[in-house]
Amino acid sequence: MRKVLGKAFFRRSAPEVAPDLIGKYLVREMNGAQEAYMITETEAYEGLDDRASHASRGRTKRTEVMFGPAGHWYVYLIYGMYQMLNVVTGDDGHPSAVLIRAVEGIDGPGRLTKRLSITRDFNTKKVSKVTGLWIEDRGVRIDPTHIKKTARIGVENAGPVWAKKEWRFVYI
DNA sequence: ACGATGATGAAC
DNA sequence: TTCATCATCGTA
């Protein structure tokens, strides 16, 4: 079983999509060669009110993609050095996204994009084979007891309510 | 514990 | 146009 995930999968709330992405495969195609990595850690950023989300400041040039249709990449630069890879989720007009923080063998969102040569060139592009970066269901079933829920990382400034939400999902 | 390193958004 | 901030990481 090998299915490329599309809009139907991503067009749900970020806290629904994020745990479902654990066990799916991030596939990168470069100069004819494919590399696939099982996703092991994700974080959900959901809605205008989520103060940990870039979208909480409203529609800007950068966040516009988060307000758009599900199934597109949102890639941005952080600390002047690292690129963060997100998938836009939810309905068109509703800002939400899932940050892919780790895959099997590559721990950390900044390391992940560096290793897979993922840059802001992917920003706003579709999550599909044609862009060279997509996500597949390869039939791996992850038992919910193997998905740990925790608070998100690096969002202390979002205020107690949003910083405490257990929207980080880790494969254990 | 700290500095690297540059885009972003808000203030002025 | 300046300025603080930042969904991080490597070195110490």
Q) Is there a donor-acceptor pair under 3.5 Å between the side chain of A/Asn86 and the backbone N or O of A/Tyr74? A) yes

Q. Taking A/Glu46 for the side chain and A/Pro15 for the main chain, is one N or O donor matched with an acceptor at less than 3.5 Å?
A. no

Q | DNA chain C-proximal residues of residues 50-57 of chain A, any heavy atom under 4.0 Å | A | A/Ala52, A/His54

Q) More than 12 foreign heavy atoms under 6.0 Å from CZ of A/Arg11: is that the case here? A) no

Q) Just how far, in rounded Å, is C1' of B/dG3 from OH of A/Tyr82? A) 11 Å

(Q) Assess, by modelled atom type and distance only, whether the side chains of A/Arg51 and A/Ser56 contain a donor and an acceptor separated by less than 3.5 Å. (A) no

Q.
Can a donor-acceptor pair be found, under 3.5 Å and without considering hydrogens, that links the side chain of A/Trp73 to the backbone of A/Leu133?
A. yes

Q: For A/Thr63 and A/Gly58, indicate whether the former's side chain and the latter's backbone hold a donor-acceptor pair under 3.5 Å.
A: yes

Q) So where does chain A start and stop touching DNA chain C, 5' to 3', when the test is distance under 4.0 Å to a non-hydrogen atom? A) C/dC6 to C/dG10

Q. What heavy-atom pair brings A/Ala14 and A/Tyr45 nearest, and what distance separates the two atoms?
A. CB-O, 3.6 Å

Q.
Dot-bracket for DNA chain C, please. Rules: Watson-Crick or G-U, both distances under 3.5 Å, ( ) within the strand, [ ] when a pair crosses earlier ones, | for another strand, . otherwise.
A. ||||||.||||.

Q. If you look at every strand shown and take non-hydrogen atoms under 4.0 Å, does A/Met81 touch a base, only sugar-phosphate, or nothing?
A. base

Q | Nearest-Å distance for atom pair CZ/P, residues A/Arg59 and B/dG9 | A | 14 Å

Q) Taking OP1 and OP2 of B/dG9, is either one under 4.0 Å from a side-chain nitrogen or oxygen of A/Arg62? A) yes

Q: In plain terms, say whether A/Lys149 and A/Glu166 are close enough for a salt bridge, that is, a side-chain N and a carboxylate O under 4.0 Å apart.
A: no

Q) Is there a donor-acceptor contact under 3.5 Å from the side chain of A/His146 to the main chain of A/Tyr171? A) no

Q: Please answer whether the main-chain N or O of A/Phe169 pairs with a side-chain N or O of A/Arg101 as donor and acceptor at a distance below 3.5 Å.
A: no

Q) Looking only at atom types and distance, does a side-chain atom of A/Arg28 sit under 3.5 Å from a main-chain N or O of A/Ser117, one as donor and one as acceptor? A) yes

(Q) Applying a 4.0 Å non-hydrogen cut-off, can you work out what A/Arg120 is touching in the nucleic acid: base, sugar-phosphate, or nothing? (A) sugar-phosphate

Q) How close or far is atom P of B/dC2 from atom OH of A/Tyr79, stated in whole angstroms? A) 15 Å

